[in-house]
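Worksheet: the structure to be examined is printed underneath.
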Protein chains: 2
Amino acid sequence: MNELEQKCIDAGLKMTGQRRVILEVLGNADDHPSVETVYLRSREKDTSISIATVYRTLNLLDQMNLVKKHDFNENHARFEANLENHYHFIDVQSGEVVEFKDEKLEQRLRELARELGFELVDRRVELYGHKKQQGTDDD
Amino acid sequence: MNELEQKCIDAGLKMTGQRRVILEVLGNADDHPSVETVYLRSREKDTSISIATVYRTLNLLDQMNLVKKHDFNENHARFEANLENHYHFIDVQSGEVVEFKDEKLEQRLRELARELGFELVDRRVELYGHKKQQGTDDD
DNA sequence: CTACATGCAAATTGTTTGCTAATAA
DNA sequence: TTATTAGCAAACAATTTGCATGTAG
């Protein structure tokens, strides 16, 4: 059983077959799948899953802060189970999303929040651009 | 004639009455109006404007990089004519959006882009939180 | 004149929800 | 046993589009 599943059980959620599959898909993903993608990947393991359940589950997990919902300027949301603070480079040509962390940046953001008298509950840093050298592309 | 209007003419767009009104609304806005809001403000000056035209015009301006389209985790887009690099604090309680600039932050972002071999075409920094002290709220 | 822009209503897309049946605890 | 969850299809909300008409250049 993966980490997410344990957290859901701890939170008192009923562990249905569908949820188990969705949580496994999320736990295994190293990208930022859309609802549609989570749905398709889940279907490969259990054909009975409906997209309504995927929506409900992802929204539930997002509210519980067990996954993070993203909007990379597309017309659909994306999700990821990586909860550590990190940021994203989005290649505007290939759609590739690259994660990165940076302590200096993180520190400056906290500083700015303090200066402006804000209690920080979330942050979002996205850099859009394209690779300077030639490179492979995938997400 | 405002700056936006001039830029549109320079770009070879036909300057219709509807566009003139929409551009004026955008030029005067010091907030981040949604399509609906731009539509309503425009209607006050010209009842004949349809929301389809507002959508088409805003999308066009966005593509031409004359306005910036935002998504502050709501269910609709927002727009602003302020093209200078700046960032946003979003008060998750009141919905208030506060703009800020920061050279240190800007510099760090450029550095990171360079380190990762990215040509930067756009950036997005949003801090979500709430005011620590009591304050007024509006957008 | 003519290519571009508008209004209207219908279509699309991503997402949510009401309802009944199924099921985890 | 019973509150929670799932599936299905209908409902929604934001946005886009086809088409006939209008108009800036």
Side-chain angles (χ1 to χ4, degrees), chain A residues 1 4-26 32-40 42-43 45-64 66-79 95, chain B residues 1 4-26 32-40 42-43 45-64 66-79 95:
Chain A
M1 127 153 54
L4 275 175
E5 193 175 329
Q6 187 58 58
K7 285 183 184 168
C8 286
I9 291 170
D10 293 348
L13 293 193
K14 287 191 179 175
M15 193 41 55
T16 63
Q18 294 91 330
R19 279 185 180 163
R20 223 185 305 273
V21 168
I22 293 170
L23 295 173
E24 195 186 329
V25 165
L26 289 172
H32 307 75
S34 64
V35 174
E36 186 72 17
T37 301
V38 172
Y39 171 61
L40 293 175
S42 298
R43 281 215 137 220
K45 311 188 185 214
D46 177 351
T47 1
S48 84
I49 293 174
S50 82
I51 197 154
T53 298
V54 177
Y55 270 104
R56 278 194 269 235
T57 304
L58 288 174
N59 282 154
L60 188 62
L61 294 171
D62 181 45
Q63 284 165 220
M64 296 168 69
L66 296 184
V67 302
K68 197 139 173 41
K69 189 174 187 171
H70 287 289
D71 173 355
F72 295 143
N73 285 332
E74 298 161 306
N75 51 354
H76 57 260
R78 290 183 181 230
F79 293 82
Chain B
M1 128 155 54
L4 274 175
E5 194 175 327
Q6 187 58 60
K7 286 183 185 168
C8 286
I9 291 170
D10 293 347
L13 293 193
K14 287 191 179 173
M15 193 42 56
T16 63
Q18 294 90 330
R19 281 186 179 162
R20 222 186 306 274
V21 168
I22 293 170
L23 294 173
E24 195 187 329
V25 165
L26 288 172
H32 307 75
S34 63
V35 174
E36 185 72 17
T37 302
V38 172
Y39 171 62
L40 292 175
S42 298
R43 283 215 135 220
K45 312 189 185 214
D46 176 352
T47 359
S48 83
I49 292 175
S50 81
I51 197 155
T53 297
V54 177
Y55 270 104
R56 281 193 268 234
T57 304
L58 289 174
N59 282 155
L60 188 62
L61 295 171
D62 181 45
Q63 284 164 217
M64 298 169 68
L66 295 183
V67 303
K68 198 141 174 38
K69 188 174 185 170
H70 287 289
D71 173 355
F72 295 143
N73 285 331
E74 298 163 305
N75 50 356
H76 57 260
R78 290 185 182 230
F79 294 82

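Below, chains carry the letters A, B, ... as their sequence lines are ordered, and counting in each starts from 1.
In this structure, A:Tyr39 places its OH atom 10 Å from C1' of D:dG7, rounding to the nearest Å. Here D:dT15 presents its P atom at 8 Å from CG of B:Asn75, a figure rounded to the nearest Å. Here D:dA6 presents its C1' atom at 9 Å from CZ of A:Arg19, a figure rounded to the nearest Å. When rounded to the nearest whole Å, the span between CG of B:Leu58 and C1' of D:dT16 equals 14 Å. One atom, CD of B:Glu5, and another, P of D:dA24, lie 13 Å apart when rounded to the nearest Å. In this structure, B:Lys69 places its NZ atom 14 Å from P of D:dA14, rounding to the nearest Å. With rounding to whole Å, A:Glu74 atom CD is found 16 Å from D:dT15 atom P. B:Leu60 has its CG atom 17 Å from the P atom of D:dT15, to the nearest Å.
Atom-to-atom distance recorded for B:Ile22:CD1 and B:Leu61:CG is 8.0 Å, nearest 0.5 angstrom.
Residue B:Asn59 has no polar side-chain atom (N or O) positioned under 4.0 Å from OP1 or OP2 of D:dT15. The phosphate of D:dC8 (OP1 or OP2) has no side-chain N or O of A:Ser50 nearer than 4.0 angstrom. For A:Thr16, a side-chain nitrogen or oxygen approaches OP1 or OP2 of D:dA6 to under 4.0 Å. Between B:Tyr55 and D:dT15 there is a side-chain N or O to OP1 or OP2 distance below 4.0 Å.
Taking 4.5 Å as the limit, some side-chain heavy atom of A:Met64 sits within range of a side-chain heavy atom of A:Leu13. With a 4.5 Å cut-off on side-chain heavy atoms, A:Arg78 and A:Pro33 do not count as touching. Side-chain contact between A:Thr53 and A:Arg19: absent, with no pair of heavy atoms (C-beta onward) separated by less than 4.5 Å. Put simply, the side chain of B:Thr57 does not reach to within 4.5 Å of the side chain of B:Gln18, judged on heavy atoms.
Nearest-nucleotide assignment on DNA chain D puts the 5′-proximal partner with B:Val35, out of B:Val35 and B:Met15. Nearer to the 5' terminus of DNA chain D, by closest-nucleotide assignment, is the contact made by B:Ile51 (compared with the other of B:Ile51 and B:Ile9). A residue-by-residue look at A:Leu13 and B:Arg43 shows that B:Arg43 has its nearest nucleotide of DNA chain C further toward the 5' end.
Taking the side chain of B:Arg56 as heavy atoms from C-beta on, and the options D:dT17, D:dT23, D:dT5, the nearest nucleotide is D:dT17. Out of D:dA14, D:dT16, D:dA6, the shortest distance to the side chain of B:His76 is found at D:dA14.
Judged by distance alone, the side chain of B:Ser42 and the main-chain N or O of B:Val38 form a donor-acceptor pair under 3.5 Å.
When heavy atoms are screened at a 4.0 angstrom cut-off, A:Ile49 is found touching the sugar-phosphate backbone but no base atom.
Of all non-hydrogen atoms in B:Val67 and B:Phe79, the two that sit nearest each other are CG2-CD2, 3.9 Å.
Contact footprint of chain A on DNA chain C: nucleotides with an atom under 4.0 Å from a non-hydrogen protein atom, first to last in 5' to 3' order, C:dG14 to C:dA25.
Side chains of A:Gln6 and A:Asp10: a donor on one and an acceptor on the other come within 3.5 Å.
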